[in-house]
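Here is the structure we will look at, set down as structure tokens.
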Amino acid sequence: MVGKLMRSIREFAAASLLSPLFVVLEVVMEVIIPLLMASLIDEGIIGDGGMHAVLMYGLLLVVCCVFSLVFGALAGHYAAKASAGFARNLRHDMFYKVQKYSFFNIDKFSAASIVTRLTTDVTNVQNAYQMLVRVALRSPAMLIFSMVMAFQLSPKLALIYLAAVPVLGLGLFLIMSRVHPIFERVFKTYDKLNNITQENLHGIRVVKSFVREDHEIEKFSKVSEKIYHDFSKAEKRLAFNNPLMQFCVYSCMILVSWFGARMIVSSTLTTGQLMSLMTYAIQILSSLMMLSMVFVMIIMSRASAERIVEILDEESDIVSPKDAITEVLDGSIDFEDVSFSYSKREDKCCLNHIDLHIPAGATVGILGGTGSAKSSLVQLIPRLYDATAGTVKVGGIDVRKYDVEALRANVAMVLQKNVLFSGTIKENLRWGNPNADDAEMRRYCQLAHADEFIETFPDKYDTYIEQGGTNVSGGQKQRLCIARALLKKPKILILDDSTSAVDTKTDAGIRQSLRDEIPDTTKIIIAQRVTSLMDADMILVMDEGKIDGIGTHEELLKNNAIYREVYESQQKGSVPQ
């Protein structure tokens, strides 16, 4: 796990090494200071050195203090730079990895969980890393150097400090082993909290229209309360850290004072040496206290680090093969005994044994009830998912043999949930073609019947679209998404119920434009309205993951009961059950 995280240090390796270097130099200065203080007392104040010794050791103390201050500042500077840079690279690596995920990988983690890992978890690891490159080295270095100096002054008294180390170490281990599982649980609960918040903000208009604010507050409060209780439980256990430290510190101080005073009386220890030993006692035990703080931070960040590594370790189940084909010859589509399951279990398939041939340039309509797997069928064409069994072909070639980017560049898909990004209309349209000029964008907007409402905006194509397209209507959003897809100039165009929010006249106009302007593009239209599919070359009727019927409008009216029932119910103006 640590090795995988360290790969994100990269250009900040120098800062990560310089910080510990300056930390060690700072510690050396701090360890020398008590020794100089002992000499100042024994030679300058109590001894015969007089003011000369006081001035000499005083000047040396000032120099050591200045160097300690400079080294400490440099250590802090490089530690901050290294940790911030490490966090930046870590977020970049995680986001880059997520961009390569298939829909299956995204479904596995959930969007809210990924957001938590990119934000809260990375911040926890960043804080821990800053402490590691600075405090985690400072504490052991201070402990070792101070212990060495203490043994040089008085091995007997130094044994007191040595005895305190295993007591403190055992206590910290017991605390860590009991707190880590709680933090693991807390961060999973954070995922739920983010999911509730994200869902609430995204659907705030629905919440308010149904007057469900109290319900949402209650749902949020339950999860928030769970986080509070878990954190309180963890903090109560971590609270034992401070009393344990205080017990070790004061016990050592009392024992050193007692035995040190007796040694001064017996002339086996000087007053200056006792003062130095007291200072070393504080340094040793304070370093242990800082080390315990590092352990606490590591406990908190360990759960976060594990969750980050899960993102970095996850491999997309959809990748381009070696020697991948980069050219799609035409828009023909073949399904050969295709079955599909979201869980990848053949006994849980939502599509079963689909056999279908669609010639290039054909217009295909797909009709079916909710849950009949219409969207699942078309998502196999650009390899948003892979078939669980059977083969899907585009241009006569198995889609798994194509370069994924090349395949998807030739398949434009307008999903059920149309998404517009914050930015101008032009910026959104250029998702389809980054190099499209104004004339080209206007032409395809005219085909999608979007130009007519864009021209009514004061800023026209420079109109700013709010996040999620909240400042345009559902029908306008759908037409912009269709125009964006057309700008790709794809060989296959898939419209997944993407004209549901437009009126029948506009719907008919869009279909007429597609038929006249892009005759060589294979067009697959999923719709609930029979009128949207009547002029298609081929209509599929889906039912419970199978093709219940294939034919033209007239053929299906004669031969397919489901199609006939839907058509007749819509003709009467009612909604089919």
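Remember, predicted model here, so these are calculated numbers, not experimental data.
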Distance check, rounded to the nearest 0.5 Å: S8 atom OG versus H92 atom NE2? 10.0 Å
Salt bridge or not between D520 and K491? Use side-chain N to carboxylate O under 4.0 Å. no
Chi angles and distances behind the side chain to side chain donor-acceptor pair (under 3.5 Å) call for S304, N124: CA-CA 7 Å; S304 293; N124 287 338; 3.1 Å; yes
Would you please say whether a donor-acceptor pair under 3.5 Å links the side chains of S372 and D543? no
Is a side-chain N or O of E427 found less than 3.5 angstrom from the main chain of T424, in a donor-acceptor match? yes
Where do D496 and S498 land on the side chain to side chain donor-acceptor pair (under 3.5 Å) test, with the steps shown first? CA-CA 5 Å; D496 187 355; S498 52; over 6 Å; no
Any side-chain heavy atom of D214 within less than 4.5 Å of one from E218? no
Enumerate donor-acceptor pairs with a distance under 3.5 Å from any side-chain N or O in residues 307-315 to protein atoms, sequence neighbours excluded.
{"residue": "R307", "atom": "NE", "partner": "D121", "partner atom": "OD2", "Å": "2.7"}
{"residue": "R307", "atom": "NH1", "partner": "D191", "partner atom": "OD2", "Å": "3.0"}
{"residue": "R307", "atom": "NH2", "partner": "D121", "partner atom": "OD2", "Å": "3.1"}
{"residue": "R307", "atom": "NH2", "partner": "D191", "partner atom": "OD1", "Å": "2.8"}
{"residue": "R307", "atom": "NH2", "partner": "D191", "partner atom": "OD2", "Å": "3.4"}
{"residue": "E310", "atom": "OE1", "partner": "R117", "partner atom": "NH1", "Å": "2.9"}
{"residue": "E314", "atom": "OE1", "partner": "K108", "partner atom": "NZ", "Å": "2.8"}
{"residue": "E314", "atom": "OE2", "partner": "N105", "partner atom": "ND2", "Å": "2.7"}
{"residue": "E315", "atom": "OE2", "partner": "K97", "partner atom": "NZ", "Å": "3.0"}

Does R430 pair with D438 as a salt bridge, N-O distance under 4.0 Å? yes
Checking salt bridge (charged side-chain N to carboxylate O under 4.0 Å, His left out) for the pair E440/R443: CA distance, chi angles, key distance, verdict? CA-CA 5 Å; E440 196 173 14; R443 175 176 176 266; over 6 Å; no
Working note: R7 + D93, criterion salt bridge (charged side-chain N to carboxylate O under 4.0 Å, His left out); need CA distance, chi angles, decisive distance, verdict. CA-CA 10 Å; R7 292 173 192 166; D93 294 345; over 6 Å; no
After noting the C-alpha distance and the side-chain angles of D230 and K226, does the key distance pass the salt bridge (charged side-chain N to carboxylate O under 4.0 Å, His left out) rule? CA-CA 6 Å; D230 281 339; K226 190 174 187 305; 3.5 Å; yes
Can you tell me how far apart CG (L486) and CD1 (I510) are? Round to the nearest 0.5 Å. 9.5 Å
What is the distance from atom CG of N410 to atom CG of L329, rounded to the nearest 0.5 Å? 10.0 Å
Would you say that more than 12 heavy atoms from the other residues, nucleotides or ligands in this model lie under 6.0 Å from the CG of D437, or not? yes
Does the side chain of K523 reach to within under 4.5 Å of the side chain of V364, using non-hydrogen atoms? no
Suppose we screen for ring pair (Phe, Tyr, Trp, His ring centres under 6.0 Å). Which residues come up paired with F95, at least two apart in sequence or across chains? none
Sequence neighbours left out, what pairs pass ring pair (Phe, Tyr, Trp, His ring centres under 6.0 Å) with at least one residue falling in residues 454-510? F453-F457
Salt bridge check, E216 against K219: does any charged N sit closer than 4.0 Å to a carboxylate O? yes
Side chain to side chain contact (heavy atoms under 4.5 Å, CB included) with I526: of L533, L540, L367, I366, only one passes, and it is I366
Mind checking whether Y342 and Y385 have ring centres under 6.0 Å apart? yes
Apply ring pair (Phe, Tyr, Trp, His ring centres under 6.0 Å) to Y129 and list each qualifying residue two or more places apart in sequence or on a separate chain. F86
Check the pair H553 / Y563 against side-chain contact (heavy atoms from CB on, under 4.5 Å), numbers first and verdict last. CA-CA 9 Å; H553 170 68; Y563 187 84; 2.7 Å; yes
Should the heavy atoms of other residues, nucleotides or ligands under 6.0 Å from NZ of K460 be counted, would the total exceed 12? yes
Rounded to the nearest 0.5 Å, the CE atom of M534 sits from the CG atom of L556 at a distance of 11.5 Å
Partner residues of D462 under the salt bridge (charged side-chain N to carboxylate O under 4.0 Å, His left out) criterion, sequence neighbours left out: K426
Mark yes or no for whether K401, through its side chain, and I325, through its backbone, hold a donor-acceptor pair below 3.5 Å. no
Can you find a heavy atom in the side chain of L380 that is under 4.5 Å from one in the side chain of D386? no
Close side-chain approach of I454 and C445, heavy atoms under 4.5 Å: yes
Is there any salt bridge (charged side-chain N to carboxylate O under 4.0 Å, His left out) pair reaching into residues 475-484, and which pairs are they, with sequence neighbours excluded? E452-R479
Counting C-beta onward and ignoring hydrogens, is there a side-chain heavy-atom pair between S320 and E405 closer than 4.5 Å? no
Side chains of H449 and S513 in contact at under 4.5 Å (non-hydrogen atoms): yes
What I want to find out is whether K393 reaches D398 closely enough, with some N-O distance under 4.0 Å, to be called a salt bridge. no
Does any part of the side chain of F220, heavy atoms only, come nearer than 4.5 Å to the side chain of E225, both counted from C-beta? no
Under a plain distance cut-off of 3.5 Å, with no hydrogens placed, do D403 and T326 share a side-chain donor-acceptor pair? no
Should we count CZ of F421 as having more than 12 external heavy atoms under 6.0 Å? yes
Do S339 and N352 pair up side chain to side chain, a donor and an acceptor below 3.5 Å, judged on atom types alone? no
With side chains defined as the heavy atoms from C-beta onward, is the minimum distance between T522 and L493 less than 4.5 Å? no
